[in-house]
Protein chains: 2
Amino acid sequence: MRERPSRTSPYSVDVVLVTAMGNELAILLTRGSTERERWALPWRAPQTGETLEAAAIRVAEHALGESPIWTEQIGAFGDAKRHPSESEISIAFVGLVPHETASPTAGYTWFPMRDLPPLSPRQRAIVEAATRTIQSRLDQAPIAFRLLPSTFTLSELQQVYELLLGKRLHKASFRRALQAAWLVEPTDEWRSEGRGRPAQLYRYAPKKRRRPHRGVRFDFLFP
Amino acid sequence: MRERPSRTSPYSVDVVLVTAMGNELAILLTRGSTERERWALPWRAPQTGETLEAAAIRVAEHALGESPIWTEQIGAFGDAKRHPSESEISIAFVGLVPHETASPTAGYTWFPMRDLPPLSPRQRAIVEAATRTIQSRLDQAPIAFRLLPSTFTLSELQQVYELLLGKRLHKASFRRALQAAWLVEPTDEWRSEGRGRPAQLYRYAPKKRRRPHRGVRFDFLFP
DNA sequence: GCGAATTAGTCACCTTTTGTGACTAAAGTC
DNA sequence: GACTTTAGTCACAAAAGGTGACTAATTCGC
């Protein structure tokens, strides 16, 4: 099932598989067989007739035995940076995987994002772009909800958001915005997690559409 | 200078060149030489050692004699849709060009976005993605300002925003947000455009950085 | 058993942002 | 001079967002 690197393949599909591992984000890496001691993103030379996204999903299935709960293309990366596959360009995807159900198959290991081994320049650029892609999609798609089990506490949800956004959020603001969006509904279960007061469990149950009703923003970062 | 279509090329760089033509957005198309009566996006089979973005800029220079004022990669498009170049995948770029200075070379024509000729399915998908890319970048980069001459009236600027966003904006809100962002400064010139009161001319002169200071948003379009 | 510590959940207050109609100003048209 | 047209500004209300402080329910140490 493991495809061999085809040195003549003009492009590869590289996938950044991201999970919330405890208190940190982690991505899946594999030891590059073609290169000495280097770690690399899972990748694949897509077969003809195969959709790019389908190729990305197959990479994930091969590495984890499961498909991601959300996938998005990051873009094409060429720019004369070396790549393990020696392909000219990489079409990069990002995929999110709940950590509970995702157990890497042989040869794949989770690495915390804050402490990655050396990667090829191109793949490092891909990982950085993956972070930006996740963050910019976070308010447009319910990707954080699917990183959690089907029921979860609001504190857990907030922790996932803080992890993905890379910043702390105020509890009251977070819950107020969540309520206004009609995205979750409470179950009648509670979970006592050791110390403090037990938390009510919620499930993702979106109820109403948001009106995309806003004017312009001028949020330029560099003038 | 016109590169010939290489049938063995594994991928092509396709460019959506967008301009504000009077009251409408327009994109540049060329008559596909390999296909009977079809129009197509300008494209190029990139040379080895050439950056993807450099290839896109060269496409623009070849078609317009000028490089775009803003360029961004849209992504890679494969998905078994036919393409004039018969390449397996297209790396798509979007580029913005001021209409005043951009005169197409032979074989290239501006088409209003609302009335495009039939394109290949893949290129139609690329054009739609280009629109989304522009709209999502509009509040993060000063691309609207560079579509205009160096001095412009605030009404002209608002019209460009309305064109790119595809929706009307309220005059007072637009100007209030613009002032808060410290992006323009008035000149001491005025322009009388026929009918009503003359408008003051402004120039793009960004002064201060915005704080990326905001909580979460739950703006999902489909639950 | 009891107070301290810890986590969950909510409220109230205030500031900022945003939508919007109405207003004044300066030009042309008739 | 009255009317039309475009520019530019104001002020009010509503909505969104930041924040500290409060109550509630549990465990831990003693």
Side-chain angles (χ1 to χ4, degrees), chain A residues 22-23 138-140 148 151-163 165 167-203 208-220, chain B residues 22-23 138-140 148 151-163 165 167-203 208-220:
Chain A
N23 217 9
L138 200 51
D139 59 347
Q140 297 163 25
L148 291 168
T151 64
F152 48 84
T153 71
L154 297 189
S155 296
E156 288 171 342
L157 182 64
Q158 182 176 342
Q159 279 166 27
V160 172
Y161 266 92
E162 291 176 343
L163 218 52
L165 288 173
K167 67 178 181 187
R168 303 295 309 271
L169 298 172
H170 190 97
K171 184 171 53 163
S173 296
F174 180 80
R175 294 182 181 213
R176 191 209 290 126
L178 191 61
Q179 277 223 311
W182 291 92
L183 288 173
V184 296
E185 70 182 15
T187 69
D188 46 3
E189 288 181 275
W190 301 72
R191 176 191 299 161
S192 188
E193 195 76 57
R195 305 287 287 188
R197 168 176 171 177
Q200 191 164 16
L201 292 176
Y202 285 75
R203 76 167 61 88
K208 96 183 164 182
R209 290 173 180 257
R210 306 286 295 159
R211 53 226 153 110
H213 197 275
R214 210 176 291 280
V216 228
R217 283 266 173 81
F218 300 97
D219 282 342
F220 308 156
Chain B
N23 217 9
L138 201 51
D139 58 348
Q140 296 163 23
L148 292 167
T151 64
F152 48 84
T153 71
L154 297 189
S155 296
E156 287 171 343
L157 182 63
Q158 182 176 345
Q159 279 167 28
V160 171
Y161 265 92
E162 291 176 343
L163 216 52
L165 288 173
K167 68 178 180 186
R168 301 296 308 273
L169 298 172
H170 194 274
K171 183 171 53 164
S173 296
F174 180 81
R175 295 181 180 213
R176 192 210 288 127
L178 191 61
Q179 277 222 312
W182 292 92
L183 289 174
V184 295
E185 69 182 17
T187 69
D188 46 3
E189 289 180 274
W190 301 73
R191 175 191 299 160
S192 187
E193 197 75 59
R195 305 285 287 186
R197 167 177 171 176
Q200 189 165 16
L201 292 176
Y202 285 75
R203 76 168 60 87
K208 102 184 160 179
R209 289 171 181 259
R210 305 285 295 156
R211 49 217 157 121
H213 196 276
R214 210 175 290 280
V216 227
R217 284 267 175 79
F218 299 98
D219 282 343
F220 308 157

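Protein chains get the first letters and strands the later ones, always in sequence-line order, with residue 1 at the start of each.
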Ignoring backbone atoms, test whether Ser155(A) places a side-chain nitrogen or oxygen under 4.0 Å from the OP1 or OP2 oxygen of dT7(C).
-> no
Just by distance, do the side chain of Gln200(A) and the backbone of Thr187(A) share a donor-acceptor pair under 3.5 Å?
-> yes
Value for CZ (Arg203(B)) from CD (Glu185(B)), rounded to nearest 0.5 Å, stands at 5.0 Å
Just compare dG9(C), dG8(D), dT10(C) and give me whichever is closest to any side-chain atom of Ala172(A).
-> dT10(C)
Could you check how far NZ of Lys167(A) sits from P of dG18(D), rounded to whole Å?
-> 8 Å
Which residue, Phe174(B) or Pro198(A), contacts DNA chain C at a nucleotide closer to its 5' end, judged by nearest heavy atom?
-> Pro198(A)
Figure out the NZ/P separation between Lys171(A) and dT23(D), and round it to whole Å.
-> 14 Å
Glu193(B) CD to dT6(D) P, straight-line distance once rounded to whole Å | 11 Å
Using whole Å, report how far CD of Gln179(A) lies from C1' of dT10(C).
-> 10 Å
Tell me: OH of Tyr202(A) to P of dA8(C), nearest whole Å?
-> 12 Å
By nearest-heavy-atom nucleotide on DNA chain C, the more 5' of Arg195(B) and Arg175(A) is Arg175(A)
Distance, rounded to the nearest Å, where His170(B) contributes NE2 and dA11(D) contributes P | 16 Å
Measure from CG on Leu169(B) to C1' on dT18(C) and round the result to the nearest Å.
-> 12 Å
Which is it for Tyr202(A) and Phe152(A) under the ring-ring contact (aromatic ring centres under 6.0 Å, His included) test, yes or no, and what are the steps along the way?
-> CA-CA 5 Å; Tyr202(A) 285 75; Phe152(A) 48 84; 7.3 Å; no
Leu157(A) atom CG is separated from dA8(C) atom C1', nearest whole Å, by 14 Å
Of Arg217(B) and Ser192(A), whose nearest nucleotide on DNA chain D comes first from the 5' end?
-> Arg217(B)
Worked verdict on Leu157(B) versus Leu178(B) for side chain to side chain contact (heavy atoms under 4.5 Å, CB included) = CA-CA 10 Å; Leu157(B) 182 63; Leu178(B) 191 61; 3.7 Å; yes
Is the base of dG8(D) touched by the side chain of Arg176(B) through a donor-acceptor pair closer than 3.5 angstrom?
-> no
Spatial distance of atom CD (Gln158(A)) from atom OG1 (Thr153(A)) [nearest 0.5 Å] | 9.5 Å
